[in-house]
Structures are given as C-alpha cells and as structure tokens.
There are 2 protein chains.
Amino acid sequence: MIKRLLLVLNFFSILLHGLSQQKNLAEKLGHARDAKLLIVHADDIGVAHSVNAASIAAFEQKGINSGSIMVPCPWFPEIAAYVKEHPELDLGIHVTLTAEWKNYKWGGVLPSNEIPSLLNKEGYFYASVEEFVQNAKLPQVEKEVRAQIDRALAFGIKPTHLDSHMGSLFASPELFKLFQKIGRDYRIPVLIPMNMITRIAPQFVNLVDTNQVIVDQFFSLFMSVPPDEWSKPYNNFIQSLVPGLNQIIVHLAYDNEEMQAITIEHPEFGSAWRQRDFNYITSEKFKTELKRNKVQLVTWREIQNVPN
Amino acid sequence: MIKRLLLVLNFFSILLHGLSQQKNLAEKLGHARDAKLLIVHADDIGVAHSVNAASIAAFEQKGINSGSIMVPCPWFPEIAAYVKEHPELDLGIHVTLTAEWKNYKWGGVLPSNEIPSLLNKEGYFYASVEEFVQNAKLPQVEKEVRAQIDRALAFGIKPTHLDSHMGSLFASPELFKLFQKIGRDYRIPVLIPMNMITRIAPQFVNLVDTNQVIVDQFFSLFMSVPPDEWSKPYNNFIQSLVPGLNQIIVHLAYDNEEMQAITIEHPEFGSAWRQRDFNYITSEKFKTELKRNKVQLVTWREIQNVPN
C-alpha cells in the first residue's frame, strides 16, 4: 500500500516537474521566463478621421504597437484601406455595441430589423452600457458581434484579437461567456484584463476560459489628471510592472474641430484628453521609461501565433 | 355659326384675361410681379461636422437663407439638434441615395435587407449615380426616400422642400416621377431646376407636375475656377437673372483635416472648394451684388406656405 502511494506520489512529482518546465508565454515568445511583457494599444480606431490619423501616426512613430478597430463607425473604410497597405500592423476588433457621443451616432453592422434589442428608438446603438445590458438580447448580440468580425474580414483585416468598446461584453456573465465563445470559434484571442476582473467583477474569475491568454495587468486612464501630470499614472504603472503579460490602453486623437465636436460636453476621453495621450505615447520619455524598466514589447499577433 | 365662334372666342378672352390677372408666385410672396426671386441654398448639411459648422455660420451671417440635410449621414444628429433650437431655419431634405467619398461611407436609413438594390457589396450606398440607377429597384427607392423624410420628421425637422443629392432622382423618368409623387404625398415642394432640365434632360419637361413650384434658373458651380476668380460665375449668374424663381446652390465647409480626409483625391466639391464657397457667400461683395441687381431673397418655407 505504501509502495503504491509512493509510486503515485512519484508520478505526480514527475508531472509537476514537467509542468514547471513547460514554457510560459514569455518564453514561447522568445523572452526570459520572468520578462515583463507589454502591449501598447490604441482603442477606438475607426470612430473618427482624427482618431485614425493620430493612431496611424502613433504606429509610425512606434508609440503604440497594437490597436483595435470599431467596425460599425463611419471612418471604418479609411482605416480598412490603410490596413490593406499595411497588413503587418497589429490590429484587432474593438467590438462596438454602444454609441456614446451626443451628436455623432452609429448603429450596428446588421440590418436594424435583425438587432432591434440593440438599438434605441432612433435606430442607433444605446449611449450607455447600462441601457445596452438592460435591452440586449443575447442571440442578437452574438449575431452582431460575428457580423462585425465578418465585415472586418471582408475588408481584408485579419484581426489579431478582440476587445470590447466600453466593456459592454463584460456587463453580465452571459455576455462575458459569449464573448469568449466567439473568440474560440474564430480562433482570435480575447482581451481578458485579469486585474480589472479580480477587482471589479470577481464573480467572473471562474468564468474565464482556461485556454484564453490572460492579460495580468491592464492599465487605462479612466479619470482625467492635470495636463502637466499626464505621464505620472502611466509611469507609475510601468514602474510597478511584474513579470507577465501587461497592456496599456490609450485613446488617441488630434485635438481638432472634428474631435471637439464628437466629444462635446464630455471632457473624459475628450478631444484634449486624446491629444495628451498622443503626446505622451509618442514622446521619448515614454520610450525611455519602458527601457529603464526593462519592458519587453509584444503584440497580439505574436501571441495569436504561439502554439498552445 | 360665326356668332357662336365669337361667343367662344369671347369666353377664352375673358378666361385669358382672368389668368393674366391671377397673382404669380412673386406677387403671392408680396413682391412685384416681375421680381427676381432668389433662394441661396447650401447642400450636403449633415454629411460632416465641418459642413454643419460652416453652414450654421453661413445662416448666422445671412450668407445663405436655405439649405438641405442628408439624413443617412453620420453628422445628421448634430444638425437635427441645432434645428431643434432654431426651428425658424429654412431646411429641406437632401434626399441621399449615393455615398461618393472614398474612405467615408454611409448606407440607407432602412435596414439593409429591405433595400439591397441600393447597396453595394460592402453594404454602403453606391458611389456614383450610374451604379445607383443601374441597380436601384423603384419600390426600394420609394421606401428609402420616405424613410429619410420620416426620420427627419421624427427628429423634429419640418422639411420645407426636397432636393436630390447628386441628382440621383433625375436619373430616369421613373425616378423623377416618383420624386414628385412623394413630394405631393408629403405636401413638400420638390426642387425642379427647369433651366437644367430643359438643357440636359428635355424629355423630362413633359413629366413636370404642373402643380409643382418651378425654379426657373438654377445655378451651382460644377467645375472648379481659379481661386481668385471664384465670385465671377456667381456674379455672372446674379447679373443675368430675369424675373422668376431662382436658386443658387453652394457647398459649404471649413477647409480642415476632417473635410480634407472626406474629399480625398477629389478636388471638385473638395475641402478647399467648399471653403471658397463659404468665403464668397458670406462676403460683403455677394450681398452688394444682390442689392445692386435688385434681387429679392425668398425661402422654400415662404413658398411652401403660399396657398395654391
């Protein structure tokens, strides 16, 4: 009996040893096991010309190395045309189920009569996640999300990841499960910001698909800071990084008439805010901070291409 | 027999005399019978923030006294919100069935599965009138045009007239008849530019509904002119005005990043073009030219309110 127990223990010991020898994500990507991996990511591409222009400039200046696109928005064709010329860019789909601005609106990719639960009485997406989640019927959400991915594919975009505009797909357990299921079906990684989930929605932790790539530490500015202290929270985040996969989200635009009109009465994530994000992320001090903290930049495409 | 003929002739003479005594449009509007009536009209409102901002400024500076709105476009909610605050503005519907710009697109107001003949394979309106007229099925055109008017009404806009973006509703006799029928049904005057019809599509003359208000002389810049001669063709038109109802169409925008991106690779009706139109129409020399030529400004709302 004891001999048998020892055999079993030995077996587990070998197994555990084997597991610990299994390469982690950092190693699979060619970095040290304890590397601080970072994706620098621009949201909301496609929403406006100003956002497209600033995001493209940030890619070119190597301020960002990843971004995600809002397919139902008016300026989607512009970024799609750019991606056709630059297929190497790391771009995912910023799944969009809300239209938050006062005077500038959009609806879904699908015909409005196929997704009535996602649209307000004017035929646009709801402005808030609260209204979305109160009204949205799951099968219609699923159809619309798939249609957004399919439309991107039809425009020649090969999405490297999926994330969720305003976090609408994190608004209920059913939506979160659906989001991951769609990612699995399309074999596209879904951004799962584990630190946010643990802090804001711990009941979701058990719903996380174990096959998903997890972003351990996710950072985005959610509240305005004084303009001359813009880099502070970003630098704090970079300095506090621990080994694992990390992601910074920025919201880029040029502070111009178009962007001011879109973000009217909304200083948070507004036109000046986005210009400040642009100035910071394309600055030398950001690059220096990354180097100083020995951060390894990685992209969703590299992650997507890692064999399981 | 001769007596009978004389009686008949006398009857016609009285009838003709009566007709000649009937007030013409100018008199009904409170002007002299031989007044040179003019509507100064901005097209394409709603297509872009730049266009909305310039058109609003032109209204405020009394450079224009009328305009028409593109309901399916992304910036429609912005102009609708402005109209709610300024219901006195003379605004009609610029019925829109094409989406001509390279990287900035829109589709219909109706669900795409109800108007498949109006949409290209990407789900947007066709870029050209040629493609539109080759593919469009009349019942789908009718539904979409009505839906655009209904949407404007739902947003609190009371359209004073209807006109047709890129003239798509003048592309076939059937479309032209349909356009007038919809105008009759909604009791909204339809812009019928008689000088253009006579010159370009004389076969349409007999199709003009006799109850329609006719714009005798219609002028729009169709080809670029040297920037420093921008006022020339407009002044020529104003100086050549004869009594009747006349309309100048301008295309207003501020020459900024948004407008340059929308009109990319398209100098005609481009960003600088529209800025020049704005500069001209809001200039003192335009107002002076109108005064010098004793032009009477009228609006579509005044015309709409004239009893038949």
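The chains referred to below are lettered A, B, ... by the order of the sequence lines, with proteins before strands, and numbering in each begins at 1. Since the model is a prediction, treat every value here as computed from it, not as a measurement.
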Notebook entry, point to check: Which residue pairs pass the ring pair (Phe, Tyr, Trp, His ring centres under 6.0 Å) test with at least one member in residues 136-157 of chain A, sequence neighbours excluded?
Noted result: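 As it turns out, the ring pair (Phe, Tyr, Trp, His ring centres under 6.0 Å) pairs with a partner in residues 136-157 of chain A, which skip direct neighbours, are A:Phe76-A:Phe155.
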Check: What pairs of residues pass the salt bridge (Lys or Arg N to Asp or Glu O under 4.0 Å) test when at least one of them lies in residues 66-77 of chain A, not counting sequence neighbours?
Finding: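 Residue pairs with at least one partner in residues 66-77 of chain A: there are none.
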Taking 3.5 Å as the threshold, show me the donor-acceptor pairs across chain A and chain B, one per line with distances to 0.1 Å.
from: A:Glu78; atom 1: N; to: B:Asn103; atom 2: O; distance (Å): 3.2
from: A:Asn103; atom 1: O; to: B:Glu78; atom 2: N; distance (Å): 3.2
from: A:Asn113; atom 1: OD1; to: B:Asn113; atom 2: ND2; distance (Å): 3.1
from: A:Asn113; atom 1: ND2; to: B:Asn113; atom 2: OD1; distance (Å): 3.1
from: A:Asn113; atom 1: ND2; to: B:Glu114; atom 2: OE2; distance (Å): 3.4
from: A:Glu114; atom 1: OE2; to: B:Asn113; atom 2: ND2; distance (Å): 3.4
from: A:Glu122; atom 1: O; to: B:Arg151; atom 2: NH1; distance (Å): 3.3
from: A:Glu122; atom 1: O; to: B:Arg151; atom 2: NH2; distance (Å): 2.8
from: A:Tyr124; atom 1: OH; to: B:Arg151; atom 2: NH2; distance (Å): 3.3
from: A:Arg151; atom 1: NH1; to: B:Glu122; atom 2: O; distance (Å): 3.3
from: A:Arg151; atom 1: NH2; to: B:Glu122; atom 2: O; distance (Å): 2.8
from: A:Arg151; atom 1: NH2; to: B:Tyr124; atom 2: OH; distance (Å): 3.3
from: A:Asn256; atom 1: ND2; to: B:Glu257; atom 2: OE1; distance (Å): 2.7
from: A:Glu257; atom 1: OE1; to: B:Asn256; atom 2: ND2; distance (Å): 2.7

Notebook entry, point to check: Which region of A:Ala154, side chain (C-beta onward) or backbone (N, CA, C, O), has a non-hydrogen atom less than 4.5 Å from a non-hydrogen atom of chain B, or is it both or neither?
Noted result: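 Neither the backbone nor the side chain of A:Ala154 comes within 4.5 Å of chain B.
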Notebook entry, point to check: Where on A:Ile262 is there a heavy atom nearer than 4.5 Å to chain B: the side chain, the backbone, both, or neither?
Noted result: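 A:Ile262 touches chain B through backbone and side-chain heavy atoms alike.
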